Amino acid sequence: DIQMTQSPSSLSASVGDRITITCRASQNIFDFLNWYQQKPGKAPNLLILSASNLQTGVPSRFSASGSGTDFTLTISSLQPEDFGTYYCQQSYGTPFTFGPGTKVDIK
Amino acid sequence: LQLQESGPGLVKPSETLSLTCSVSGFSIIDSTYYWAWIRQPPGKGLEWIGSIFSSGRTTYYKPSLRSRVTISLDTSESQVSLKLSSVTAADTAMYYCARDRDPNASGSMPAHWGPGIWVTVSS
């Protein structure tokens with residue numbers, strides 16, 4: 001299985017802050033990388049697919065980049081509704097593994 | 001498109017967990033999409049279990065679960081099913097069904113999710 005890691009495991013930031021979450025794959029996955037946001041008690045929501053493409057309806061303050069083994073998700077100006085846990089997921093090969101998540105709190 | 005998981009919320013150890021995902025607003029058979037099952041143990045991250053193609057003829061399973069998992073389709077009822085045998089407490093989790101965003105994606109980009117169903121394994 002391809003192993004996914006994320007850092008940090010949690011962060012606390014203020015409204016308006018710029019935050020970045022990092023995801024690393026254990027092998028080259030090219031741009032086969034998705035990002036999800038999950039709020040407590042809810043199913044995950046697909047934010048970004050293919051490393052950098054915003055899913056329809058996702059605000060433009062979200063952006064992502066990377067290829068190969070190293071990827072980032074950035075929120076340019078954190079909003080109160082952005083709290084939750086963010087997961088990266090590789091879509092290169094089965095099983096389609098997820099990272100352990102990054103919990104984002106709003107100060 | 002709406003997905004809704006259902007099944008018993010409590011399963012005894014060593015028994016078989018059986019869940020159903022009812023799909024509405026979309027035709028399972030008139031498509032080229034994959035349907036996936038994903039679970040989340042309490043307080044932990046997401047684990048992809050497996051996926052099935054709309055024809056029902058192609059499935060992918062997580063290798064460590066393959067010996068215990070069966071995913072199937074009931075096109076007449078517009079349902080996707082998950083069976084997990086010989087369960088233990090480690091199988092306690094929220095179970096989600098989901099459909100890929102794009103056709104022919106093998107279950108790799110679940111974009112439409114059910115609300116999930118909580119399953120506890122306990123005697």
Side-chain angles (χ1 to χ4, degrees), chain A residues 1-10 21 23-26 29-58 62 64 71 73 84-104, chain B residues 1-5 19 21 23 33-53 58-69 71 82 84 93-118:
Chain A
D1 299 4
I2 298 173
Q3 305 302 314
M4 307 299 294
T5 58
Q6 289 182 235
S7 62
S9 57
S10 66
I21 299 169
C23 174
R24 177 165 289 175
S26 61
I29 59 170
F30 302 92
D31 65 349
F32 291 94
L33 191 283
N34 305 324
W35 289 96
Y36 294 83
Q37 176 197 58
Q38 186 180 33
K39 296 192 176 182
K42 300 293 187 182
N45 180 43
L46 177 63
L47 296 178
I48 305 279
L49 58 150
S50 302
S52 61
N53 296 300
L54 255 65
Q55 168 72 325
T56 303
V58 174
F62 290 89
F71 303 86
L73 171 70
T85 302
Y86 291 80
Y87 295 93
C88 61
Q89 178 226 4
Q90 63 85 12
S91 55
Y92 179 71
T94 59
F96 300 116
T97 43
F98 291 84
T102 296
K103 186 176 181 181
V104 175
Chain B
L1 169 62
Q2 291 193 338
L3 294 82
Q4 180 68 55
E5 303 88 349
L19 298 177
C21 174
V23 179
Y33 286 89
Y34 277 81
W35 304 83
W37 284 94
I38 296 149
R39 69 180 181 180
Q40 186 170 34
K44 295 188 178 181
L46 299 161
E47 180 182 25
W48 186 89
I49 298 170
S51 63
I52 186 166
F53 190 55
T58 301
T59 53
Y60 297 105
Y61 296 127
K62 182 174 182 175
S64 61
L65 297 174
R66 182 175 287 124
S67 64
R68 299 195 292 131
V69 173
I71 297 175
L82 169 72
L84 181 65
M94 179 73 82
Y95 285 77
Y96 296 101
C97 66
R99 196 208 78 181
D100 276 336
R101 193 196 83 144
D102 294 339
N104 300 304
S106 303
S108 67
M109 54 171 69
H112 303 278
W113 296 64
I117 183 169
W118 184 257

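Lettering follows sequence order; numbering is per chain, from 1. What you see is a predicted model, and the numbers here were worked out from it, not measured in a lab.
When the shell of 6.0 Å around CZ of A/Arg24 is examined, it contains 12 or fewer heavy atoms from other residues, nucleotides or ligands. The 12-atom threshold is not exceeded at OH of A/Tyr92, counting heavy atoms of other residues, nucleotides or ligands nearer than 6.0 Å.
Below 4.5 Å, heavy atoms of chain A meet heavy atoms from B/Tyr96, B/Arg101, B/Asp102, all part of residues 93-102 of chain B. Along residues 31-41 of chain A, the residues that come nearer than 4.5 angstrom to chain B, judged on non-hydrogen atoms, are A/Asn34, A/Tyr36, A/Gln38 in order of number.
The minimum heavy-atom distance linking A/Phe96 with B/Ala105 is given by the pair CZ-O, 4.5 Å. Nearest heavy-atom pair, A/Gln55 versus B/Ala111, reported as atom, atom and distance to 0.1 Å: NE2-CB, 4.0 Å.
Going from atom OH of A/Tyr87 over to atom CD of B/Gln40 covers 4.5 Å, rounded to the nearest 0.5 Å. Between B/Lys62 atom NZ and A/Thr94 atom OG1 the span is 11.5 Å, to the nearest 0.5 Å.
For a residue to count as touching a neighbouring chain, one of its non-hydrogen atoms must lie under 4.5 Å from one of that chain's; by this rule A/Asp1 touches chain B with the side chain only. Residue contact with chain A, scored on non-hydrogen atoms closer than 4.5 Å, involves the side chain of B/Ile38 exclusively.
Chain A forms the most heavy-atom pairs under 4.5 Å with one residue out of B/Pro110, B/Pro115, B/Gly114, and that residue is B/Pro110.
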